[in-house]
Undergrad: 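Questions regarding the structure given below will be posed in turn.
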Amino acid sequence: MLSSAWMGGTTSLVVAHLAADLGGADQVDVAIRWDDRDRAGADSVEFMDRLGYDVEVVEHGVRRTVDPLSASARVRIGDSETSVARIDTPEQFTLPLTLGTTTATTRIGFSSAATTSALMAVKRLGFFRWGRGDRFTRIRRALLYAPGAGGVAQVRIDVRHGAETRTALLTDPAGQAHLTAVGAVLGVQRALGVDGAPAHRGLSFPENTPIPKAVGAMLAAHGVELTDEPGSTRMPSA
């Protein structure tokens, strides 16, 4: 089970859940709200510390590279309007392979508008390009890593198939470390075939789940909320 997509593959599970209702997933937009108060682990910032490298994406069925922190947008994630921009995550590469998605976009923003603005300003100065060597590692990670006492992990997922769009909000009151752990547990259960479906032989990704309509209940069993967002507007393509 290869589940390095955002938060242990939980976002990919939600995509599969929505795609099952729609009958497919032509376009997927993931918008992450990083809570500055979250008790983030050091590994999370190591993952984020790739902002100096191009992002490989699929748009309209064509693979290409784009700048990190590009294609910014403002999107409602839960009760908050959040500015988000592109980052490098594996589901942008795997969803086209597994679900036939022709455009997959993942963006991230911070609960603090000041943090987002500062990061975008540093990016415009080109720091993440010329400062991506080892000598600048401490400075880069200081910009990205400031764990707090505890926060809420929230991710908005939009899936479009044909003329229909479904939107869901993934919320973990225990934060992103817990949400990642939940993704790991669900991945192990899937590999062992103890999630209500037979074990799968060979490699698979979270979105290959044979029981996508059970995703909501599986997440809820670990205290993670999955709610529909009726009447919301799909984010623009890059």
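Counting begins at 1 with the first residue of the sequence.
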Undergrad: Does the Arg160 side chain pair with the main chain of Ala163, one donor and one acceptor, at a distance under 3.5 Å?
TA: no
Undergrad: Can you tell me how far the OG atom of Ser3 sits from the CG atom of Asn208, to the nearest 0.5 Å?
TA: 11.5 Å
Undergrad: How far does CG of Leu219 sit from CG of Asp172, to the nearest 0.5 angstrom?
TA: 9.0 Å
Undergrad: Testing the basics here: between Val57 and Ala104, what is the closest heavy-atom pair and its distance to 0.1 Å?
TA: CB-O, 4.5 Å
Undergrad: Looking only at heavy atoms, which two atoms of Arg190 and Pro198 are closest? And how far apart?
TA: NH2-O, 2.7 Å
Undergrad: Would you find a donor on one side and an acceptor on the other, under 3.5 Å apart, between the side chain of Asp26 and the backbone of Gly162?
TA: yes
Undergrad: Going by atom types alone, do Asp158 and Thr167 pair a side-chain donor with an acceptor below 3.5 Å?
TA: yes
Undergrad: So Ile77 and Gln154, side-chain contact (heavy atoms from CB on, under 4.5 Å) or not? Walk me through it.
TA: CA-CA 7 Å; Ile77 304 175; Gln154 287 189 311; 4.0 Å; yes
Undergrad: At what distance, to the nearest 0.5 angstrom, does CG of Leu226 lie from CG of Leu13?
TA: 10.0 Å
Undergrad: Report the distance from atom CZ of Arg33 to atom OG1 of Thr82, rounding to the nearest 0.5 Å.
TA: 5.0 Å
Undergrad: Test Asp29 against Arg107 for salt bridge (charged side-chain N to carboxylate O under 4.0 Å, His left out), laying out the working first.
TA: CA-CA 8 Å; Asp29 290 292; Arg107 297 177 173 91; 3.7 Å; yes
Undergrad: So do Ile108 and Val84 actually touch side chain to side chain, heavy atoms under 4.5 Å?
TA: no
Undergrad: side-chain contact (heavy atoms from CB on, under 4.5 Å) between Val152 and Thr171: does it pass, once the steps are laid out?
TA: CA-CA 7 Å; Val152 176; Thr171 304; 3.6 Å; yes
Undergrad: Would you say that Thr94 contacts Leu99 through its side chain, given a criterion of any heavy-atom pair below 4.5 Å between the two side chains?
TA: no
Undergrad: Main chain of Pro206, side chain of Thr209: is a donor-acceptor contact present, judged purely on distance under 3.5 Å?
TA: no
Undergrad: Does any donor atom in the side chain of Thr98 or Glu207 lie under 3.5 Å from an acceptor atom in the other side chain?
TA: yes
Undergrad: Are Ile87 and Val58 connected into the same hydrophobic cluster when the rule is that any two of I, L, V, M, F, W, Y join if their side-chain heavy atoms are below 4.5 Å apart?
TA: no
Undergrad: Can you find a heavy atom in the side chain of Val15 that is under 4.5 Å from one in the side chain of Ile157?
TA: yes
Undergrad: Val30, Phe110: one ILVMFWY side-chain cluster at the under-4.5 Å cut-off?
TA: yes
Undergrad: Looking at OG of Ser12 and CG of Leu2, how far apart are the two atoms once the value is rounded to the nearest 0.5 Å?
TA: 11.5 Å
Undergrad: With sequence neighbours excluded, tell me which residues meet side chain to side chain contact (heavy atoms under 4.5 Å, CB included) with Leu22.
TA: Val159, His161, Glu164, Arg166
Undergrad: So does Arg63 have more than 12 non-hydrogen atoms from other groups sitting under 6.0 Å from CZ?
TA: yes
Undergrad: If you take all heavy atoms of Ala197 and Ile211, which pair is closest and at what distance?
TA: CB-CG2, 4.1 Å
Undergrad: When you measure from the side chain of Asp54 to the backbone N and O of Thr65, does any donor-acceptor pair fall under 3.5 Å?
TA: no
Undergrad: Between Arg156 and Gly78 (side chain of the first, backbone of the second, donor and acceptor by atom type, cut-off under 3.5 Å), is there such a pair?
TA: no
Undergrad: Side chains of Thr89 and Glu91 only: does a donor on one sit below 3.5 Å from an acceptor on the other?
TA: yes
Undergrad: Would a 4.5 Å heavy-atom cut-off, applied to side chains only, mark Thr103 and Val28 as touching?
TA: no
Undergrad: In the structure I gave you, are the side-chain heavy atoms of Val182 and Met7 within less than 4.5 Å of one another anywhere?
TA: no
Undergrad: Evaluate Thr10 against Trp6 for side-chain contact (heavy atoms from CB on, under 4.5 Å), listing each step before the verdict.
TA: CA-CA 7 Å; Thr10 51; Trp6 189 259; 5.7 Å; no
Undergrad: Is His200 reaching over with its side chain to a backbone N or O of Leu203, donor-acceptor style, under 3.5 angstrom?
TA: yes
Undergrad: Does one hydrophobic cluster hold both Phe205 and Val14, with members joined at side-chain heavy-atom distances below 4.5 Å?
TA: no
Undergrad: Dump the intermediate steps for salt bridge (charged side-chain N to carboxylate O under 4.0 Å, His left out) on Arg86 and Glu59, then the final yes or no.
TA: CA-CA 13 Å; Arg86 295 195 89 142; Glu59 290 180 351; 2.7 Å; yes
Undergrad: For a side-chain contact (heavy atoms from CB on, under 4.5 Å) check, start with the C-alpha distance between Val224 and Leu170, then their side-chain angles and the critical distance, and finish with the verdict.
TA: CA-CA 7 Å; Val224 180; Leu170 181 65; 3.6 Å; yes
Undergrad: Would you say the side-chain atoms of Arg74 and Ser83 include a donor-acceptor pair closer than 3.5 Å?
TA: yes
Undergrad: Is the backbone of Pro212 close enough, under 3.5 Å, to the side chain of His17 for a donor and an acceptor to pair up by distance?
TA: yes
Undergrad: Does Gln92 use its side chain to pair, donor to acceptor, with the backbone of Thr106 at less than 3.5 Å?
TA: yes
Undergrad: Which heavy atom in Ala153 sits nearest to a heavy atom in Gly175, and how many Å separate them?
TA: CB-C, 3.6 Å
